Protein chains: 2
Amino acid sequence: MTGSDAQNLARSATKVRTLADLAKIAGVSPGTVSRALAGNSLVNAKTREKIEAIAREHGFRPNQMASKLRRQKTGVIGVAIPLGHDVRQQISDTFFMTLLGHLADELTEKGYDLMLRRVIPAQDEDWLDRFIGSGMVDGVIVIGQSDQFERIDDVADGYLPMVVWGNHQEGQRHCVVGSDNRLGGKLAAERLIASGAKRLAFLGDTQPIEFAARYAGAKEVAKKLGVSIRALPTHLAPDRTGEEIAAHLGKIEGEIDGIFAATDTIAVTCLKELRDRSIAIPSQLKVVGFDDLPISSQTAPPLTTVRQDIAAGAKGLVDLLLRRLNGEDTESLVLPPHLIVRETA
Amino acid sequence: MTGSDAQNLARSATKVRTLADLAKIAGVSPGTVSRALAGNSLVNAKTREKIEAIAREHGFRPNQMASKLRRQKTGVIGVAIPLGHDVRQQISDTFFMTLLGHLADELTEKGYDLMLRRVIPAQDEDWLDRFIGSGMVDGVIVIGQSDQFERIDDVADGYLPMVVWGNHQEGQRHCVVGSDNRLGGKLAAERLIASGAKRLAFLGDTQPIEFAARYAGAKEVAKKLGVSIRALPTHLAPDRTGEEIAAHLGKIEGEIDGIFAATDTIAVTCLKELRDRSIAIPSQLKVVGFDDLPISSQTAPPLTTVRQDIAAGAKGLVDLLLRRLNGEDTESLVLPPHLIVRETA
DNA sequence: TTTACTGTTGCAATCGATTGCAATCGGACT
DNA sequence: AGTCCGATTGCAATCGATTGCAACAGTAAA
């Protein structure tokens with residue numbers, strides 16, 4: 001590889017770091033180099049080729065920071081994950097992480113980079129303003145409203161390019177993409193009741209508004225159909241969930257015959273606890289989850305659950321954000337959840 | 001809230017966007033404002049307070065891009081996830097996503113931001129150089145070597161601040177943090193054999209070097225103990241894994257009595273397929289996984305597996321990277337995996 | 001030969017914060 | 001009163017790419 005060696009030598013000999021360096025070698029002005037590399041301007045084809053060749057040879061890449069400063073845009077979208085209720089929640093929450101993966105795909109495809117920031121609002125009042133005002137991002141996607149609904153709503157008034165994954169409330173001011181949690185809750189309760197359950201329980205934290213909406217939907221159906229329902233507070237921190245569920249089950253065993261879990265993660269843990277207690281599913285107790293994670297089809301027995309379309313959600317978030325970056329004031333997007341019937345209810 | 005209103009009015013009336021704007025209001029020079037806000041310089045206490053007050057009142061934040069340009073550092077660490085073998089692999093790979101979560105925590109704690117980029121090397125030869133040369137990041141963490149070992153190794157020669165999650169090879173040039181996959185493979189095989197298995201199979205793709213090392217470790221033990229072992233190629237794409245495993249099982253049912261799955265994700269799917277075929281675990285067939293994901297303790301039966309310490313891995317990655325940012329040429333870090341005995345072997 | 005025009009290129013200002021160096025001021029000391 | 005010192009502050013260059021405008025060359029038309 002003599003050619004390659006020579007090239008490497010040349011590369012290290014004359015270090016080309018700036019447009020100006022390259023311009024000197026090419027015998028043109030920095031401006032011309034800039035235009036040539038940008039490709040879109042009116043540069044002579046031959047000049048452009050020559051400049052491109054030199055750039056390639058020296059492995060030159062224009063400094064992004066200078067470029068971004070000058071052009072007043074970063075090409076970066078900030079993705080914030082506020083950890084409000086359970087600090088350790090989302091670390092292992094497959095749902096959020098999968099959403100993040102899809103977001104990364106969508107943004108990459110549209111030519112944006114993704115800056116990830118996990119924030120703990122309790123320790124940092126100012127997280128959203130800081131993120132937005134940092135000048136590092138052109139727009140922001142917030143994954144999960146957590147307990148920050150008010151703050152997000154306030155910021156939304158003065159900052160257009162922000163889209164939030166979460167629940168849609170009547171009269172809210174920020175643009176949100178998310179499933180119809182209330183409807184999902186209804187679907188779950190309907191299924192449980194249709195399977196014969198008469199004393200329901202909701203397993204999960206009812207503080208976050210997404211979960212509150214799921215519970216509310218289930219309650220509405222239960223009420224209409226004359227069935228009881230109660231909430232059993234359960235956290236999402238992976239090391240606590242198991243014990244909490246066990247405690248609940250110990251206390252109320254026999255008092256309920258249908259469980260609506262706030263997420264599949266909780267449902268899966270619940271299934272295991274029930275298995276350990278040799279409670280037959282679904283004959284003795286019915287279970288419905290929420291999310292339809294990949295694991296959910298592989299539990300024993302396979303989990304009946306309410307599916308959220310994560311890919312569509314990510315696409316929606318990015319799509320709306322890009323439109324907002326163009327100045328459009330978009331409406332929220334509410335996605336319909338779907339009941340996936342398997343064997344637990 | 002009249003005070004607040006007045007403040008808002010003032011805020012919108014005189015828009016303070018730059019140091020210079022603020023300097024004019026404060027009646028000092030931009031340089032002084034810069035120093036005052038940076039906090040670390042020799043600015044008169046009273047001046048500083050006044051400047052800080054004005055900044056707070058107007059919600060002023062210095063432009064990061066300008067700052068980064070001038071200081072020649074970004075405070076951003078790039079995290080790249082190359083998708084080499086299965087493009088859709090990591091989207092749902094809990095392990096990588098959890099690692100990412102921990103990385104975000106660690107980096108945040110150290111005052112760095114995290115820029116996430118998912119790359120498909122097959123479509124983008126130049127991904128690593130582009131990321132590094134973009135001028136957007138001070139350093140890079142690569143999650144998974146995928147099939148990019150050579151490329152990463154090449155880049156490592158000329159670029160210090162890079163750390164990679166993956167497998168450590170004899171004589172490699174890039175700094176890596178990862179589990180001792182070979183040892184993990186040994187532990188798994190030993191356990192299977194100790195449980196009575198005599199005809200082993202490795203379930204997974206043997207191309208990625210992490211998996212190859214796991215398989216190699218298992219093979220070594222099998223050979224030493226006079227036990228057979230074969231590889232059953234299985235992809236990680238969630239929608240294909242199931243079928244592939246089913247096909248394998250259909251073909252070789254009865255010919256094997258011990259399965260070492262390359263990851264817990266595969267093991268969980270495998271468990272389900274075995275359940276569907278009413279194969280008794282562990283009496284008829286023993287299974288050992290790799291990773292010890294949260295789900296793994298909740299399968300039926302609970303999965304015996306080899307644990308990787310994700311949190312320690314993330315800490316190691318960040319720690320080594322920061323030292324490299326200080327110019328130190330660090331050694332690789334190999335973490336010992338641990339066998340977690342549950343009920344599948 | 002002059003005028004007009006088109007296609008390229010160079011010049012220089014600009015984005016906004018940082019920082020080395022020089023200037024200034026008040027006070028202390030001789 | 002004159003000199004010196006330390007604490008602050010201002011000045012101006014700098015980071016590197018972008019871009020409006022002017023300048024230029026070359027060609028075609030008059």
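Every chain is numbered from 1 and lettered A, B, ... according to where its sequence line falls, protein lines coming before strand lines. This is a predicted model, so every value here is computed, not measured. FYI, side chains are in, hydrogens and waters are out, and symmetry mates aren't considered; it's all heavy atoms of this structure.
Of the side-chain N and O atoms in A:Thr47, none sit less than 4.0 angstrom from OP1 or OP2 of C:dT8.
Heavy-atom minimum distance, B:Met136 versus B:Thr74: O-OG1, 3.3 Å.
Partners of B:Arg324 according to the salt bridge (Lys or Arg N to Asp or Glu O under 4.0 Å) rule, which considers only residues two or more places apart in sequence or in another chain, are B:Asp329.
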Can you give one letter per nucleotide of nucleotides 13-20 of chain C, going 5' to 3': B for a protein heavy atom under 4.0 Å from the base, S for sugar-phosphate only, - for none? BBBBBBBB

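In this structure, the side chains of B:Tyr112 and B:Asp138 come closer than 4.5 Å at one or more pairs of heavy atoms.
Across all strands shown, A:Val28 has heavy atoms under 4.0 Å from sugar-phosphate atoms exclusively, and none from any base.
Here C:dG26 presents its C1' atom at 13 Å from CG of B:Asn44, a figure rounded to the nearest Å.
Side-chain N/O atoms of A:Trp165 and A:Gln145 include no donor and acceptor closer than 3.5 Å.
In this structure, A:Arg61 pairs ionically with B:Asp126, as a charged nitrogen and a carboxylate oxygen lie closer than 4.0 Å.
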